[in-house]
Amino acid sequence: MQIIKTVEELRPIIQEWRSQGLSVGLVPTMGYLHAGHKSLIVKAVSENDRVVVSDFVNPTQFGANEDLSTYPRDLERDAAVCQEAGASLVFHPEPEEMYAPDSCTFVDMDSLTKGLCGKSRPTHFRGVCTVVCKLFHIVTPDRAYFGQKDAQQLAVIRRMVRDLNFGISIVGCPIVREADGLAMSSRNAYLGEEERKAALILHSSLALGEKMLEEGERDARKVREAILGRLNTEPLARVDYVELVDAESLEPVEKAEKPILAAIAVYIGQTRLIDNFTFAGGQQG
């Protein structure tokens with residue numbers, strides 16, 4: 001398995017694969033890989049002849065007061081995960097490789113990026129769309145793999161691919177959780193022992209909302225209030241949002257009568273965590 005740091009080095013490799021008629025999968029990551037990322041790579045390896053994992057902490061998706069400088073990084077560890085999962089290549093560029101000093105071009109979106117995480121992180125999805133668009137042009141994959149934990153990101157990327165006519169299949173993969181239910185996230189590394197226990201309130205609260213829906217409750221306000229009420233029982237939790245939205249448009253819903261996304265963002269201490277579930281016609285998505 002190779003580790004490639006420049007676009008100039010990477011493109012001939014992709015071209016050689018293409019000349020052999022090989023299919024290419026892409027798993028975009030910000031590194032510090034965990035079992036959730038590994039599941040994406042394994043899925044990609046099962047469906048493509050070659051798999052590229054991008055390992056890049058993208059500065060344009062961090063706000064001014066966010067954790068860009070402290071975001072965990074460990075390329076050696078990441079490379080071991082990628083090799084074990086069967087990846088062909090890790091693309092690990094420096095920020096200046098991805099963004100020229102006078103770069104002034106961005107990919108942005110209306111509607112889907114206004115609510116949920118976009119409300120408190122107004123520039124985040126512009127950075128996500130821009131870097132993913134760049135990766136798509138650099139790697140030219142047949143398929144790209146994203147986790148359902150970042151549900152809004154997944155919906156945004158799917159819409160971008162549709163709207164900009166990328167000939168790429170976007171594959172959403174299930175949330176991978178710790179044994180106690182906490183959704184795996186690179187930011188979990190920030191949590192102290194007490195905070196780690198407190199973080200279990202996210203999954204517990206969503207499980208309550210999901211149970212209500214499965215038992216027939218369709219009033220989105222009641223489900224939202226139940227989730228919020230459970231979250232507020234944890235002293236270390238500070239809620240950013242609790243929303244029930246249409247699974248495709250991400251617009252708030254009053255009734256859970258078609259596929260919906262129940263999504264939350266919660267600060268545990270200084271660490272912002274997200275989690276969600278989807279619900280459709282009495283079945284979990």
Side-chain angles (χ1 to χ4, degrees), residues 1-61 68 71-103 105-107 127-147 150 153-154 156-158 160-162 164-173 176 186:
M1 187 192 72
Q2 297 174 277
I3 298 176
I4 300 298
K5 296 197 171 188
T6 70
V7 176
E8 185 178 7
E9 292 175 281
L10 179 59
R11 279 192 162 140
I13 296 172
I14 302 293
Q15 289 168 0
E16 176 61 24
W17 291 346
R18 291 299 185 193
S19 72
Q20 297 175 33
L22 302 176
S23 60
V24 178
L26 170 66
V27 182
T29 83
M30 290 211 303
Y32 211 70
L33 305 184
H34 50 66
H37 295 112
K38 186 176 181 181
S39 72
L40 301 181
I41 302 167
V42 169
K43 175 74 168 173
V45 168
S46 74
E47 296 181 347
N48 301 274
D49 298 312
R50 299 288 185 270
V51 170
V52 175
V53 178
S54 64
D55 188 315
F56 176 61
V57 180
N58 175 39
T60 65
Q61 67 191 68
L68 174 60
Y71 195 86
R73 296 162 169 87
D74 189 338
L75 178 60
E76 185 176 348
R77 175 175 173 268
D78 293 346
V81 172
C82 291
Q83 184 153 13
E84 185 176 345
S88 311
L89 182 154
V90 174
F91 180 48
H92 180 64
E94 295 297 327
E96 53 268 27
E97 176 69 15
M98 293 295 283
Y99 298 103
D102 59 349
S103 178
T105 304
F106 294 91
V107 179
V128 169
C129 287
T130 300
V131 75
V132 171
C133 186
K134 289 171 73 70
L135 289 169
F136 285 174
H137 284 305
I138 294 165
V139 179
T140 63
D142 298 284
R143 302 172 189 86
Y145 297 78
F146 296 85
D150 298 295
Q153 174 179 272
L154 178 57
V156 164
I157 296 302
R158 280 179 167 149
M160 181 184 77
V161 164
R162 188 202 73 179
L164 299 185
N165 303 108
F166 281 99
I168 298 170
S169 296
I170 302 302
V171 183
C173 299
V176 176
S186 298

J.: Go through it in stages, so that I can follow the logic: the residues are V90 and D78, the test is side chain to side chain contact (heavy atoms under 4.5 Å, CB included), and I'd like the CA-CA distance, side-chain angles, deciding distance and then a yes or no.
T.: CA-CA 9 Å; V90 174; D78 293 346; over 6 Å; no
J.: Let me see the working for K38 and L33 under side chain to side chain contact (heavy atoms under 4.5 Å, CB included), right down to the final yes or no.
T.: CA-CA 7 Å; K38 186 176 181 181; L33 305 184; over 6 Å; no
J.: What is the distance from atom CD1 of I168 to atom CE of M160, rounded to the nearest 0.5 Å?
T.: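 Result: 7.5 Å between the selected atoms.
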J.: Taking all non-hydrogen atoms of both residues into account, name the closest pair between I14 and V139 and its distance.
T.: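 The pair with the smallest heavy-atom distance is CG2-O, 3.4 Å.
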J.: Taking all atoms of both residues into account, what is the closest heavy-atom pair of C129 and V156, and its distance?
T.: SG-CG1, 3.4 Å
J.: Indicate whether any N or O donor in one side chain lies under 3.5 Å from an N or O acceptor in the other, for N58 and Y71.
T.: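 Distance-only check fails for N58 and Y71.
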J.: Would you please classify the geometry between the F166 ring and the F136 ring as parallel, tilted or perpendicular, with 30° and 60° separating the classes?
T.: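 Rings of F136 and F166: perpendicular, over 60°.
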J.: Taking E97 for the side chain and V7 for the main chain, is one N or O donor matched with an acceptor at less than 3.5 Å?
T.: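 Yes.
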J.: Quick one: does any side-chain atom of R18 pair with a main-chain N or O of T140 as donor and acceptor, under 3.5 Å?
T.: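 Yes; judged by distance alone, with no hydrogens or angles, the pair exists.
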J.: Do V171 and E47 have side chains that approach each other closer than 4.5 Å (heavy atoms only, starting at C-beta)?
T.: yes
J.: Hey, does the side chain of D74 reach the backbone of Y32 with a donor-acceptor pair shorter than 3.5 angstrom?
T.: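 Checked: no pair found.
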J.: Looking only at heavy atoms, what is the nearest atom pair of I4 and L10, with distance?
T.: CG2-N, 3.8 Å
J.: Search all heavy atoms of T29 against all heavy atoms of S54 and return the closest pair with its distance.
T.: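 Heavy-atom minimum between the residues: OG1-O, 2.7 Å.
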J.: So with a 6.0 Å cut-off around CD of E76, is the heavy-atom count from everything else above 12?
T.: no
J.: Please check: side-chain N/O of S88 versus main-chain N/O of V52, any donor-acceptor pairing under 3.5 Å?
T.: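 No.
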J.: Taking atom CD of E84 as the centre, report whether more than 12 heavy atoms of other residues, nucleotides or ligands fall under 6.0 Å from it.
T.: no
J.: Quick check against the 3.5 Å criterion: does D55 have a side-chain atom that pairs as donor or acceptor with the backbone of H92?
T.: no
J.: Taking side chain as C-beta onward, heavy atoms only, is S186 less than 4.5 Å from H37?
T.: yes
J.: Could you go through V51 and Y145, starting from their C-alpha distance and side-chain angles, then the distance that decides it, and tell me whether this counts as side chain to side chain contact (heavy atoms under 4.5 Å, CB included)?
T.: CA-CA 10 Å; V51 170; Y145 297 78; over 6 Å; no
J.: Which atoms form the tightest heavy-atom contact between G127 and Y99, and what is the distance?
T.: O-OH, 4.5 Å
J.: Between S23 and D49, do the side chains contain an N or O donor and an N or O acceptor separated by less than 3.5 Å?
T.: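 A donor-acceptor contact under 3.5 Å links the two side chains.
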J.: Any idea which heavy atoms bring L26 and P141 closest together, and the distance?
T.: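 Distance-wise, the nearest heavy atoms are CB-CB, 3.7 Å.
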J.: Can you tell if the side chain of L135 reaches within under 4.5 Å of the side chain of M98, non-hydrogen atoms only?
T.: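 Yes, side chains in contact.
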J.: Okay, side chain of H137, backbone of K134: is any donor-acceptor separation there less than 3.5 Å?
T.: no
J.: Got more than 12 heavy atoms from elsewhere within 6.0 Å of NZ, K43?
T.: no
J.: Given M30 and Q61, is the side chain to side chain contact (heavy atoms under 4.5 Å, CB included) satisfied, shown in steps?
T.: CA-CA 11 Å; M30 290 211 303; Q61 67 191 68; 3.5 Å; yes
J.: Atom CD of residue position E8 - does it have more than 12 heavy atoms of other residues, nucleotides or ligands inside 6.0 Å?
T.: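 12 or below, so no.
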J.: Got a donor-acceptor contact below 3.5 angstrom from the R143 side chain to the N48 backbone?
T.: no
